[in-house]
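Chain naming here is simple, since letters A, B, ... match the order of the sequence lines and numbering starts at 1 in each. Computed from a predicted structure; not experimentally measured.
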Amino acid sequence: MQYSSQAVAKPYFIAAIGLFAGQILFGLILGLQYVLGDFLFPEIPFNVARMVHTNLLIVWLLFGFMGAAYYLVPEESERELESPMLALAMFWIFLVAGALTVLGYLLVPYAGLAQLTGNDLLPTMGREFLEQPTITKLGIVVVALSFLYNIGMTILKGRKTVVTLVLLIGLTGLAVFFLFSFYNPDNLVLDKFFWWWVVHLWVEGVWELILGSILAFVLIKTTGVDREVIEKWLYIIIAMTLITGIVGTGHHYYWIGTPEYWQWWGSVFSAMEPIPFFMMTVFAFNMVNKRRREHPNKAAVLWALGTATMAFLGAGVWGFLHTLSPVNYYTHGSQITAAHGHMAFYGAYVMIVLTIISYAMPMLRGRTAANSNKSQVLEMWSFWLMTIAIVFITLFLTAAGILQVYLQRMGENPLPFMVVQDKVALFYWLREIAGLVFLIGLLTYIASFFVGNDEPEAKESA
Amino acid sequence: MSQAFTKAMARNIFYGGTVFFFLLFLALSLDTVSVLPERDNRANLTEAVVQGKKLWENNNCIGCHTLLGEGAYFAPELGNAFTRLGGKDGIMAFIKSRPVDGIPGRRSMPQFNFTDEQLNALAEFLKYSSEINSANWPPNVQG
Ligand code: HEM
Ligand code: HEM
Ligand SMILES: [Fe+2]
């Protein structure tokens, strides 16, 4: 660690991992409710558990992105963070606001929470992923603005690199597009149309810039490849991301009341969205092959390569699978969607956050470059357990989805939704088992922070 | 990547491409907003429908159901519930009759204790939704 203010990243990373564990716990509850319908009913209905699962995911990824920025920006900018105090204050505000929101979901019926928080004044609740009370959303805006100020000033006053520039564009875009969550017209079609300006333009737009810049940073550090080469790649990858991904939003405008020309725009542009993900894979493997040093943190390199691979599989391949409008006509809103959602979120955003944590945490905890071999071996086990588990979750959901589409939406005698759900229950059981393996992987991951701490640091094997 | 392709070129493609395709997207969105009145059934956005949408949101129905294919995949699509359940009466009767403690062993919908006015508003909202021109989606009545 070259700058003492980088230390503020540590609580962000710890909170991220803690909330990650909560997310997975509620994922397992959801998975069980899929097969044992009355599990925890009516105390924790499915919709409540689902909000907790998805909102914890988003919040812990945001903690991860902020921690990543606080760690890498001082190092790139070659100066201390503008205000470490502000960063710590925002950490506590965000954590407390997040905890209160989740408690609100769990302890108060949702309609009561809406009333309690004055949703009628500015109704924004009750839409997928944007379920937070309006005051929580306002809190998120405040945290995001203070964060942008802190990071932005540090970048502007220091050395400017492509990595920090791209990161800043991505983070600014994240904050700007979130503002559309405050627009909730009575007209359902308009509501849906602009809802995607948050959701799609996040995960297939500005978040990819954040992903690319963190990946570039870790590759510069661990491979020792010339920064010029890596920055050129970064530019061309994010160029392809936005060239395909912005108009690619159209793949959500096929069946929600929007004009039918979106079937062409959406299909053509989103079919090209896998290109930047593929380039990211080629990029990461190329840089590691051309490495000029053997960085002792093998686990971090594994996470980086894993991110590049799994993001391509989950977003690129599983996204392409259902993105053409004639296919999407049948798969829209089915278990195929859920399969893709899981592998894409894991491969791209979970893994990039775990990559930067893997790279930075040893330094934040007082090592010079890496953890002991013992700790790294356990961390690499957790990498494989979680990654293989998500692959199987995706495969089982894909199988359930294909059957669902076939039985419910095709053929002579389409069956009712609930009848079909019963018929594919076997795959939901298998998904739950894979989910348990994921949990074991996560516990292994957490354990890797506690073992081998009194053993010597792994050394650069050159 | 080859030496002839410089970082400055990559940067220009990024800025130029982003601006161009963002403007294209804005133009398409503008056109969409201007032609929506023909498709989005706004003529039938009555007070009851508006109240129904609020109830839909305040009770987080989207946390279990899809509506025009978006939402959760735990419970049936509701964009065409008006057709599937045989009109407003069918919708209101279904919502009203959910057992408080659920159905043993099965996925159950909560009992929300709506008033008759609220039930009517929700049914109106689902009727309005079913009349949005969704390009023939869903493929059949099962949703
Ligand atoms: C890391 C990037 C990505 C993430 C995190 C992601 C995540 C998701 C999620 C969570 C949904 C479900 C949204 C909902 O609940 O309604 C979704 C839907 C969808 N995604 Fe992605 N996605 C990514 C990239 C892609 C790419 C690159 C493609 C195309 C090649 C794609 C194609 C689709 C399509 C077509 C849908 C709509 C599915 C439906 O009609 O039900 N996604 N994505
Ligand atoms: C133990 C593992 C997990 C289980 C059993 C599980 C289960 C579930 C279930 C049952 C749903 C609701 C599907 C529905 O609406 O009907 C869901 C939604 C979701 N989960 Fe998970 N989950 C797990 C892990 C994860 C992980 C690791 C991630 C992130 C990488 C994740 C991200 C999501 C997302 C984004 C959605 C919304 C999907 C959509 O709208 O298409 N889950 N999960
Ligand atoms: Fe998308």
Is any side-chain heavy atom of Y128(B) closer than 4.5 Å to a side-chain heavy atom of N187(A)?
yes

Is there side-chain contact between K7(B) and R227(A), with at least one heavy-atom pair below 4.5 Å?
no

Give, as side chain, backbone, both or neither, the part of I336(A) having an atom under 4.5 angstrom from any heavy atom of chain B.
neither

Would you compute the distance between atom CD1 of I62(B) and atom CE of M51(A) and round it to the nearest 0.5 angstrom?
12.5 Å

Please report the shortest heavy-atom distance between R107(B) and Y428(A), naming the atom on each side.
NH2-CE1, 3.7 Å

A side-chain contact here means heavy atoms from C-beta on lying under 4.5 Å apart; do L36(B) and F193(A) qualify?
no

Evaluate the side-chain contact (heavy atoms from CB on, under 4.5 Å) criterion for residues I169(A) and F14(B): first the C-alpha distance (whole Å), next the side-chain angles of each, then the deciding distance (0.1 Å), finally the verdict.
CA-CA 12 Å; I169(A) 298 174; F14(B) 168 62; 4.0 Å; yes

Let me see the working for K192(A) and D40(B) under salt bridge (charged side-chain N to carboxylate O under 4.0 Å, His left out), right down to the final yes or no.
CA-CA 11 Å; K192(A) 284 176 173 290; D40(B) 66 11; over 6 Å; no

Of the listed residues (N286(A), T258(A), L36(A)), which shares the most heavy-atom pairs with chain B below a 4.5 Å separation?
T258(A)

Close approach to chain A in residues 18-27 of chain B, criterion heavy atom under 4.5 Å
T18(B), F21(B), F22(B), L24(B), F25(B), L26(B)

Measure M9(B) against the heavy atoms of chain A and call it side chain, backbone, both or neither at under 4.5 Å.
neither

Option in G17(B), A135(B), A10(B), P76(B) with maximal non-hydrogen atom pairs under 4.5 Å from chain A
P76(B)

Quick check on Q115(A): does its CD atom have over 12 non-hydrogen neighbours (other residues, nucleotides or ligands) under 6.0 Å away?
no

Ranking V162(A), V48(A), L113(A), D191(A) by heavy-atom pairs under 4.5 Å to chain B gives rank one to D191(A)

Could you tell me which portion of P133(A) (side chain, backbone, both or neither) has an atom closer than 4.5 angstrom to a non-hydrogen atom of chain B?
neither

For the candidates N136(B), N140(B), N133(B), which exhibits the highest count of non-hydrogen atom pairs separated by less than 4.5 Å from chain A?
N140(B)

Whatever's closer than 4.5 Å to a heavy atom in chain B on A111(A) counts as both

Given that the side chain runs from C-beta out, which part of Y105(A) has a heavy atom under 4.5 Å from chain B: side chain, backbone, both or neither?
neither

Counting heavy-atom pairs under 4.5 Å with chain A, which one of P104(B), S134(B), S129(B) comes out on top?
S134(B)

Return the minimal non-hydrogen interatomic distance between A72(B) and R50(A), and the atom names on each side.
CB-NE, 3.3 Å

Are the side chains of F125(B) and L188(A) in touch, meaning some heavy atoms are under 4.5 Å apart?
yes

Determine whether F74(B) and L30(A) make a side-chain contact, defined as any pair of heavy atoms from C-beta on separated by less than 4.5 Å.
no

Would you check if there is a donor-acceptor pair between the side chains of W197(A) and S29(B) at a distance under 3.5 Å?
no

Which region of F269(A), side chain (C-beta onward) or backbone (N, CA, C, O), has a non-hydrogen atom less than 4.5 Å from a non-hydrogen atom of chain B, or is it both or neither?
side chain

Pairwise salt bridge (charged side-chain N to carboxylate O under 4.0 Å, His left out) hits with a residue in residues 112-126 of chain A, at least two apart:
none

Can you confirm whether more than 12 heavy atoms, excluding those of K96(B), are under 6.0 Å from its NZ atom?
no

Output the option from E131(A), Q263(A), R127(A), E228(A) having the highest count of non-hydrogen pairs under 4.5 Å with chain B.
E228(A)

Name the member of V50(B), V33(B), I103(B), T66(B) that forms the most heavy-atom pairs with chain A at distances under 4.5 Å.
V50(B)

Among R409(A), H252(A), Q404(A), E128(A), which has the most heavy-atom pairs under 4.5 Å with chain B?
R409(A)

Show me, pair by pair, the donor-acceptor contacts under 3.5 angstrom made by side chains of residues 238-247 of chain A, not counting sequence neighbours?
{"unit_1": "T241(A)", "atom_1": "OG1", "unit_2": "E208(A)", "atom_2": "OE1", "d": "3.1"}
{"unit_1": "T241(A)", "atom_1": "OG1", "unit_2": "I237(A)", "atom_2": "O", "d": "3.0"}
{"unit_1": "T244(A)", "atom_1": "OG1", "unit_2": "M240(A)", "atom_2": "O", "d": "2.8"}
{"unit_1": "T244(A)", "atom_1": "OG1", "unit_2": "T241(A)", "atom_2": "O", "d": "3.3"}

Starting from the C-alpha separation in whole Å, work towards a yes-or-no answer on side-chain contact (heavy atoms from CB on, under 4.5 Å) for W265(A) and L28(B).
CA-CA 9 Å; W265(A) 289 106; L28(B) 287 166; 3.4 Å; yes

L201(A) versus chain B, heavy atoms under 4.5 Å apart: side chain, backbone, both or neither?
side chain

Check whether any side-chain N or O of N47(A) sits under 3.5 Å from a backbone N or O of N60(B) as a donor-acceptor pair, and report yes or no.
yes

May I have the step-by-step check of side-chain contact (heavy atoms from CB on, under 4.5 Å) for K232(A) and F5(B), ending in yes or no?
CA-CA 9 Å; K232(A) 184 159 61 169; F5(B) 185 77; 4.0 Å; yes

Test item: L407(A) and Q142(B) side chains (from C-beta on) under 4.5 Å apart, heavy atoms
no

Contact class of L397(A) relative to chain B, heavy atoms under 4.5 angstrom
neither

Using side-chain heavy atoms (C-beta onward) and a distance below 4.5 Å, is H332(A) in contact with W137(B)?
yes

May I ask you to name which of V35(B), L55(B), N12(B), L67(B) has the most heavy-atom pairs under 4.5 Å with chain A?
L67(B)

Between atom CZ of F112(B) and atom OH of Y110(A), what is the distance when rounded to the nearest 0.5 Å?
12.0 Å

Name the member of V49(B), I13(B), T32(B), V100(B) that forms the most heavy-atom pairs with chain A at distances under 4.5 Å.
T32(B)

Select all residues of residues 81-94 of chain B having any heavy atom within less than 4.5 Å of some heavy atom of chain A, and report them by number, or 'none'.
none

If you tally heavy-atom pairs under 4.5 Å between each of S334(A), G112(A), P109(A), A338(A) and chain B, the highest tally belongs to S334(A)

Look up atom CZ in F46(A) and atom CE in M109(B), then write down how far apart they are to the nearest 0.5 Å.
14.5 Å

Which one, P123(A), P42(A), P259(A), A49(A), leads in non-hydrogen pairs under 4.5 Å with chain B?
P259(A)

Proximity breakdown for Y261(A) and chain B, heavy-atom pairs closer than 4.5 Å
side chain

One pair to check against side-chain contact (heavy atoms from CB on, under 4.5 Å): D422(A) and R106(B). What are the steps and the verdict?
CA-CA 10 Å; D422(A) 279 341; R106(B) 291 187 50 83; 3.4 Å; yes

Would you say E57(B) and N119(A) are linked by a side-chain donor-acceptor pair, where the criterion is simply a distance under 3.5 Å?
no

Side chain, backbone, both or neither of M125(A) within contact of chain B (heavy atoms, under 4.5 Å)
backbone

